[in-house]
Amino acid sequence: MPVSLQKGQKVSLTKGNSGLSKILVGLGWDINQYDGGYDFDLDASAFLCNASGKVNDDSDFIFYHNLVHSSGAVEHTGDNLTGSGDGDDEVIRVDLKAIPENIAKVAFTVTIYEAQERGQNFGQVSNAYIHVTNEETGEEIVRYDLGEDFSIETAIVVGEIYRHNGEWKFNAIGSGYEGGLYALCKSFGVNV
């Protein structure tokens with residue numbers, strides 16, 4: 001049975017499960033009734049960060065134009081342009097044992113493509129979640145449902161995995177930003 005988290009809660013992924021290596025980080029969402037004339041295109045991304053919370057270089061930013069980290073440890077499985085249908089809308093594969101030692105955490109984010117131009121924000125999005133599953137068994141380990149706490153935000157840091165005393169843990173963050181992907185990239189130290 002998966003652990004269901006609230007904003008700010010943390011849980012170990014590897015304690016008592018030392019063999020866990022390959023995980024899938026699935027993100028999903030639905031769009032509320034919207035008549036703005038544009039499709040919603042939400043994009044999941046991952047930022048591989050050092051101990052100071054910044055990327056070491058721009059290649060540590062995994063998104064729809066850079067799908068695989070140079071280490072092979074993090075791979076975005078592809079951009080879903082509509083988010084329609086049930087289940088995960090975008091998935092990021094992570095091999096915990098292949099993450100380079102200079103990476104202290106991996107932050108998982110969702111942004112709205114061209115949000116400002118299209119007049120879109122996360123107040124128009126519902127049922128957003130992140131969950132982590134064991135890729136080898138398909139077992140869901142942890143889940144965080146974001147709720148309806150957003151209004152004008154166009155980017156969200158949904159959650160992160162991080163190293164702590166030789167273990168990998170998950171942190172449910174749910175922190176919103178205005179300024180979309182640009183603001184997130186600046187926050188994590190990506191040159192834009």
Side-chain angles (χ1 to χ4, degrees), residues 10 13-14 20-29 40-83 87-115 122 125 128-136 140-144 146 153-164 167-177 179-192:
K10 301 172 183 171
L13 297 174
T14 54
L20 181 66
S21 175
K22 295 183 179 185
I23 60 172
L24 299 174
V25 178
L27 299 110
W29 51 80
F40 261 80
D41 179 8
L42 275 63
D43 297 309
S45 303
F47 294 86
L48 286 76
C49 301
N50 56 34
S52 68
K54 305 286 185 190
V55 297
N56 293 307
D57 62 55
D58 292 350
S59 67
D60 289 341
F61 170 40
I62 305 305
F63 70 120
Y64 53 85
H65 284 309
N66 180 31
L67 294 174
V68 182
H69 188 259
S70 59
S71 67
V74 178
E75 175 188 358
H76 192 302
T77 62
D79 188 12
N80 178 335
L81 298 176
T82 65
D88 297 340
D89 292 304
E90 294 192 10
V91 176
I92 298 172
R93 282 190 165 101
V94 180
D95 185 342
L96 299 172
K97 294 184 177 170
I99 295 176
E101 285 299 316
N102 65 347
I103 302 298
K105 72 177 183 177
V106 180
F108 300 98
T109 67
V110 177
T111 56
I112 302 173
Y113 182 71
E114 294 184 346
F122 275 100
V125 175
Y129 69 87
I130 184 172
H131 71 141
V132 178
T133 58
N134 181 330
E135 183 174 7
E136 294 170 354
E140 186 178 51
I141 302 167
V142 64
R143 181 180 184 92
Y144 169 42
L146 274 74
E153 298 85 355
T154 55
I156 300 174
V157 178
V158 184
E160 68 184 10
I161 59 171
Y162 65 98
R163 293 182 206 261
H164 181 74
E167 294 176 34
W168 281 101
K169 294 189 169 196
F170 178 85
N171 181 13
I173 296 178
S175 179
Y177 286 74
L181 187 58
Y182 178 83
L184 278 183
C185 286
K186 295 297 280 180
S187 176
F188 285 110
V190 175
N191 293 308
V192 288

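The first residue of the sequence shown is numbered 1, and numbering continues consecutively from there. Keep in mind that the numbers below use all heavy atoms, side chains included, and drop hydrogens, waters and symmetry copies.
Listed here is the closest heavy atom pair of Thr154 and Gly180: OG1-N, 2.7 Å. Nearest heavy-atom pair, Ala107 versus Val157, reported as atom, atom and distance to 0.1 Å: CB-CG1, 4.5 Å. Ala46 and Val74 make their closest contact through CB-CG1, 4.2 Å (heavy atoms, listed as atom of the first residue, atom of the second, distance). Scanning all heavy atoms of the two residues, the minimum distance from Gly174 to Tyr144 falls at CA-OH, 3.5 Å. Residue Gly26 comes nearest to Asp88 through the heavy atom pair CA-OD2, 3.6 Å, listed as atom of the first residue, atom of the second, then distance. When all heavy atoms of Phe170 and Gly159 are compared, the pair lying nearest together is CZ-CA, 4.2 Å.
Residues Asp89 and Val110 form no side-chain contact, since every pair of their non-hydrogen atoms from C-beta on lies 4.5 Å or further apart. Contact of the Asp60 side chain with the His69 side chain is registered, since non-hydrogen atoms from C-beta on lie closer than 4.5 Å. Side-chain atoms of Leu181 and Asp43, non-hydrogen and from C-beta on, never get closer than 4.5 Å to each other.
The OH atom of Tyr64 lies 5.5 Å from the OH atom of Tyr113; values are rounded to the nearest 0.5 Å. Phe40 contributes atom CZ, which lies 13.0 Å from atom CD of Glu114 (distance to the nearest 0.5 angstrom). With values rounded to the nearest 0.5 angstrom, Leu42 atom CG is found 10.0 Å from Leu27 atom CG. To the nearest 0.5 Å, atoms NZ (Lys54) and CZ (Phe188) are separated by 8.5 Å. Between Ile62 atom CD1 and Leu67 atom CG the span is 8.0 Å, to the nearest 0.5 Å. A distance of 7.0 Å separates CD1 in Ile92 from OG1 in Thr109, rounded to the nearest 0.5 Å.
Contacts of Asn66 classified as side chain to side chain donor-acceptor pair (under 3.5 Å), with partners at least two apart in sequence or in another chain: none. In terms of the side chain to side chain donor-acceptor pair (under 3.5 Å) criterion, Glu75 has no residue partners (sequence neighbours excluded). Residues passing the side-chain contact (heavy atoms from CB on, under 4.5 Å) test with Val190, sequence neighbours excluded: Phe47, Val55, Asp58, Phe61, Cys185, Val192. Contacts of Glu136 classified as salt bridge (Lys or Arg N to Asp or Glu O under 4.0 Å), with partners at least two apart in sequence or in another chain: none. Applying the side-chain contact (heavy atoms from CB on, under 4.5 Å) test to Ser175 and every residue at least two apart in sequence or in another chain returns Ile173, Tyr177.
A 6.0 Å sphere centred on NZ of Lys22 holds no more than 12 heavy atoms belonging to other residues, nucleotides or ligands.
Between the side chain of Thr14 and the main chain of Trp168, a donor-acceptor pair closer than 3.5 Å is present.
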Give the table of side-chain donor-acceptor pairs shorter than 3.5 Å for residues 93-106, with sequence neighbours excluded, one pair per line with atom names and distance.
from	atom 1	to	atom 2	distance (Å)
Arg93	NE	Glu135	OE2	2.9
Asp95	OD1	Ser21	OG	2.7
Asp95	OD1	Lys97	N	3.2
Lys105	NZ	Glu160	OE1	3.2

